[in-house]
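Here is the structure we will look at, set down as structure tokens.
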Amino acid sequence: MSKQEKKPKDFNDRVEETENLKQKPSFRPKLRHILVMLFLGIVVSGAAARTWQISSKPKSIEPIAQDPNSPIKLFDNNGYPILNPQPPADSEVWECDVTVVGGSLGGVAAAYHSMKTGATTCLIELTPMLGGQVSSQGVSAIDESLLMRYRQQFPLSWTHFKNIIASQPALPDKYSYLKPGAVVADTNSCWVGNLCFTPYSGELAAEEFLRESQRSAPKSRWGTQIAFKGASFNEKGDRITAIHAVNRIPRDPNYLPQGRLSREIKSWFNWNSDETFNKKPIRLQAPAGKQMIVIDSTDTAELIAWANLPHRLGAEGFATTGEVHAVADNPECTQAFTFPFVLKIADDEGRSLKELRKVQPGYSREEHRKDYDLGRFPMFEGNSVFNYRRIVSMKRDDPFKAIPAKGDMTVINWNRGNDWGLMNPPLILTDKQIRDSGQQQNWLGGLNTTALKDGENHALLFAEWIMEKYVSTEFPLRLMSGSDSPMPTESGLSMYPYIREGRRILGRSAYGQSEFLMREQDIRNDMEGGRSFNATSIGLTHYAIDMHGCRYRNWEPSKAPSSAPANEDKVRPIILPFESLIPQRIDNLLMGGKAIAVSHIVNGATRIHVGEWSAGAAAGAAAAWIVLQDDPSLTPQAILDRGRIGDLQALLKAQGMLVEWVN
């Protein structure tokens with residue numbers, strides 16, 4: 001949640017206008033709760049950025065030429081990687097009009113709108129759970145701007161998805177202490193927003209949501225535990241002809257992810273079967289005689305990184321973006337990532353703490369513990385850390401005042417807790433690191449496993465710190481792990497980290513830039529030089545500029561945009577232009593999530609649930625609309641070049657998407 005120091009302008013008018021809006025979600029904020037949140041003036045999720053430095057200016061990434069001394073051909077004539085080993089000849093073939101790589105929140109939205117439009121859609125997801133933030137990443141607590149909540153200016157599908165979440169079982173049937181048939185609406189009570197739930201419920205909702213839209217495109221399919229491995233291209237190199245992937249099938253029917261991605265990621269991506277998984281290669285391609293549009297909805301832009309398409313990573317400096325608060329370029333500094341976990345008020349006779357004390361971190365416990373701080377927030381009383389993202393409430397009492405009850409559960413995702421922003425080493429591999437590691441030929445996710453391990457340890461040690469400092473006879477705590485956990489992993493950590501920021505594309509020439517990128521001044525209402533994107537709008541979002549910073553271990557001066565965070569009253573309603581979804585070089589590729597063409601600073605406002613959703617939904621509808629025109633020359637860029645953006649906007653409006661802010 002971001003800091004709100006005063007009521008936004010025309011505060012009372014918003015309340016009155018809400019009554020006239022069409023969308024009536026199940027979960028509406030109570031005025032007194034919003035007033036309390038405004039009065040608090042807090043930045044629970046960490047608007048204060050840490051700092052770091054680097055000297056080189058990021059440049060557009062050019063196609064890689066083949067090293068003439070290499071005995072093995074690594075890149076094709078267009079500079080794209082040649083897979084090594086090659087995809088197996090017996091790959092299972094999926095025929096798709098639209099292929100969505102990544103079952104993130106944006107990926108679910110993309111697949112839903114693609115199927116709703118009538119295109120046969122395929123979606124692949126690395127983890128065992130669809131939904132990204134709301135499931136496998138453990139951020140199952142919806143965080144939205146106060147302005148959007150009052151105006152209820154949300155995409156219709158987003159409101160519908162939230163209502164589906166509210167109707168899901170709150171916990172698996174084996175939780176006998178809940179009343180029979182209890183759903184999320186019966187247990188929802190938190191103060192980060194209006195809807196908090198278990199990752200278990202989030203995944204069920206994503207599955208139901210996709211099944212609903214599949215009725216409009218019955219041949220569509222999706223699957224989890226499927227890793228992206230690469231792509232094939234046409235001779236010219238401007239179209240993807242196939243996506244290559246590998247499906248892993250656990251040998252043990254009771255397989256449970258370790259919740260230690262650092263140990264599992266290589267196995268998840270490898271082509272070859274191992275003692276844990278049987279592997280099945282998959283080739284996703286267009287039906288004979290048709291074209292396919294691909295959407296990259298992975299949170300770290302895996303396809304972009306693998307193909308080495310122009311993108312940015314980390315922070316930019318003023319000389320690079322012209323942003324007032326941008327200081328220096330640093331590809332090592334993306335926003336901190338987090339492994340959330342679930343705590344339950346229950347007495348497990350010290351078993352959780354005993355297991356946590358077995359953790360052997362790379363850095364000392366003392367060094368980790370220097371970061372832990374709840375600030376001025378109590379753990380259990382009043383505006384408590386526990387109630388902030390409380391995902392199960394036995395009494396559904398006032399989250400701002402009540403103390404939690406026995407059986408209550410909370411997701412812990414805390415800035416001065418399990419956020420991991422240390423850049424020794426950074427999490428997301430640069431293009432050079434990917435190339436040097438051989439991952440362009442044999443993709444393994446593009447993440448640094450040491451950084452993953454350090455982030456995992458930091459989260460587990462934060463759970464240990466909380467238990468040692470705050471457990472009492474009145475408030476016993478259990479770390480929920482294992483098969484009975486709503487975060488179903490052996491460790492109790494999320495299956496995949498919550499990625500606030502990954503790689504971000506550089507778009508094509510548009511709005512006065514040779515490589516389009518939304519900048520700070522485009523979204524601030526107190527700065528000059530902002531551009532209007534109304535003409536090509538495909539979605540809306542709004543949030544504070546919320547930065548979870550990063551630092552080096554020795555605290556060297558970093559020159560990060562530490563003054564960039566801003567309360568949401570300083571941020572105008574953010575229009576997402578179609579240009580922000582279109583990468584360079586490949587004509588049948590769109591972005592459908594966080595990795596759109598925005599700066600490091602702007603990502604602080606667009607990365608939230610509804611921002612990711614809006615980008616994914618627009619990408620899915622656009623992709624399906626293109627293929628259904630049955631015109632091979634029609635591409636995302638051609639929609640703009642031929643003046644057909646109005647046709648696309650009409651489709652989006654018909655599907656309940658917002659392309660303009662209603663005053």
Side-chain angles (χ1 to χ4, degrees), residues 1 43-46 48 50 137-141 192 199 258-262 335-346 348 350-380 384-391 404 408-424 427 450-472 475-481 485-487 489-500 548-551 553:
M1 186 187 72
V43 185
V44 174
S45 56
R50 293 171 179 167
Q137 295 182 23
V139 194
S140 52
V192 67
Q258 293 181 32
R260 282 285 200 164
L261 185 63
S262 62
Q335 289 208 47
F337 67 95
T338 306
F339 280 99
F341 53 87
V342 174
L343 294 179
K344 177 182 178 181
I345 296 186
D348 68 352
R351 288 189 292 272
S352 295
L353 188 56
K354 182 179 179 180
E355 288 301 312
L356 289 168
R357 284 173 173 163
K358 295 178 182 178
V359 174
Q360 298 297 319
Y363 300 135
S364 69
R365 270 176 165 74
E366 291 71 24
E367 185 167 352
H368 280 281
R369 289 187 173 211
K370 288 178 181 178
D371 275 349
Y372 303 150
D373 188 357
L374 302 188
R376 61 187 184 86
F377 297 94
M379 185 63 203
F380 298 110
S384 67
V385 172
F386 194 96
N387 284 357
Y388 184 53
R389 288 189 173 93
R390 181 170 55 174
I391 57 175
D408 283 7
M409 298 185 191
T410 187
V411 162
I412 298 295
N413 169 21
W414 195 257
N415 179 32
R416 292 295 307 275
N418 44 342
D419 269 18
W420 186 247
L422 206 61
M423 297 293 103
N424 303 91
L427 174 66
T450 299
L452 285 172
K453 180 183 66 177
D454 291 338
E456 293 160 356
N457 288 336
H458 196 62
L460 292 171
L461 295 182
F462 184 47
E464 177 190 57
W465 180 83
I466 289 174
M467 289 187 174
E468 290 183 352
K469 192 173 180 67
Y470 294 104
V471 161
S472 66
F475 298 113
L477 287 175
R478 174 188 173 189
L479 173 63
M480 299 299 290
S481 62
S485 172
M487 196 93 77
T489 64
E490 292 179 9
S491 71
L493 299 180
S494 59
M495 297 176 184
Y496 196 86
Y498 171 36
I499 302 291
R500 293 180 177 84
H548 289 235
C550 36
R551 68 173 175 87
R553 192 180 180 191

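- Closest approach of Gly362 and Asn457 over heavy atoms only: N-ND2, 3.9 Å.
- Under the ring pair (Phe, Tyr, Trp, His ring centres under 6.0 Å) criterion, Phe475 pairs with Phe380, sequence neighbours left out.
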task: Step by step, work out the side-chain contact (heavy atoms from CB on, under 4.5 Å) result for Leu422 and Cys550.
output: CA-CA 6 Å; Leu422 206 61; Cys550 36; over 6 Å; no
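- The side-chain heavy atoms of Ser140 and Val411, taken from C-beta on, include a pair separated by under 4.5 Å.
- Here the closest heavy-atom approach between residue Met487 and residue Val342 is recorded as CE-CG2, 3.9 Å.
- With values rounded to the nearest 0.5 angstrom, Arg500 atom CZ is found 10.0 Å from Gln137 atom CD.
- Looking at Ile499, Leu493, Asn418 one by one, the single match for side chain to side chain contact (heavy atoms under 4.5 Å, CB included) with Thr338 turns out to be Asn418.
- Taking each heavy atom of Asp348 and Arg478 in turn, the nearest pair found is OD2-CG, 3.6 Å.
- Taking the side chain as every heavy atom from C-beta outward, Leu374 and Tyr470 approach each other to under 4.5 Å.
- The CD atom of Glu456 sits 3.5 Å away from atom OG of Ser262, with the distance rounded to the nearest 0.5 Å.
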task: Test Lys358 against Glu464 for salt bridge (Lys or Arg N to Asp or Glu O under 4.0 Å), laying out the working first.
output: CA-CA 10 Å; Lys358 295 178 182 178; Glu464 177 190 57; over 6 Å; no
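- In this structure the side chain of Leu479 never reaches within 4.5 angstrom of the side chain of Lys344, judged on heavy atoms.
- Residues Arg553 and Glu367 are in side-chain contact: their nearest non-hydrogen atoms beyond the backbone lie under 4.5 Å apart.
- Scanning all heavy atoms of the two residues, the minimum distance from Thr410 to Val385 falls at OG1-O, 4.2 Å.
- Aromatic ring pairs are classed by plane angle as parallel below 30°, tilted from 30° to 60° and perpendicular above 60°; the pair Tyr388 and Trp414 is perpendicular.
- At least one donor-acceptor pair under 3.5 Å links the side chain of Arg389 to the backbone N or O of Asn413.
- Taking 4.5 Å as the limit, every side-chain heavy atom of Leu461 sits out of range of all side-chain heavy atoms of Leu356.
- Counting heavy atoms from C-beta on, the side chains of Leu477 and Phe386 come closer than 4.5 Å.
- A salt bridge is absent between Glu490 and Arg260: the closest approach of a Lys/Arg side-chain nitrogen to an acidic carboxylate oxygen does not fall below 4.0 angstrom.
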- request: Assess whether side-chain contact (heavy atoms from CB on, under 4.5 Å) is satisfied between Leu343 and Met409, documenting all intermediate values.
  value: CA-CA 6 Å; Leu343 294 179; Met409 298 185 191; over 6 Å; no
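- Here the straight-line distance linking atom NE2 of His458 with atom CZ of Phe337 works out to 9.5 Å at 0.5 Å rounding.
- Aromatic ring orientation, Tyr372 versus Trp465: tilted (interplanar angle from 30° to 60°).
- Annotation for Gly138 and Pro199: closest pair CA-CG, 4.2 Å, computed over non-hydrogen atoms.
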Evaluation steps, side-chain contact (heavy atoms from CB on, under 4.5 Å), between Phe341 and Phe462: CA-CA 10 Å; Phe341 53 87; Phe462 184 47; 3.9 Å; yes
query: Checking side-chain contact (heavy atoms from CB on, under 4.5 Å) for the pair Asp419/Asp371: CA distance, chi angles, key distance, verdict?
result: CA-CA 9 Å; Asp419 269 18; Asp371 275 349; over 6 Å; no
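- Summarising the geometry of Lys370 relative to Arg416, their closest heavy-atom pair is O-NH2, 3.5 Å, with the distance given to 0.1 Å.
- Ser491 has its side chain out of reach of Ser481: every pair of non-hydrogen atoms, C-beta onward, lies at least 4.5 Å apart.
- Note that the CG atom of Asp408 and the CG atom of Asn387 stand 7.5 Å from one another [nearest 0.5 Å].
- In this structure, Met379 and Ser384 have side chains that are not in contact, with every pair of non-hydrogen atoms separated by 4.5 Å or more.
- Within the model, atoms CG of Leu460 and OG of Ser352 stand 11.0 Å from one another, a figure rounded to the nearest 0.5 Å.
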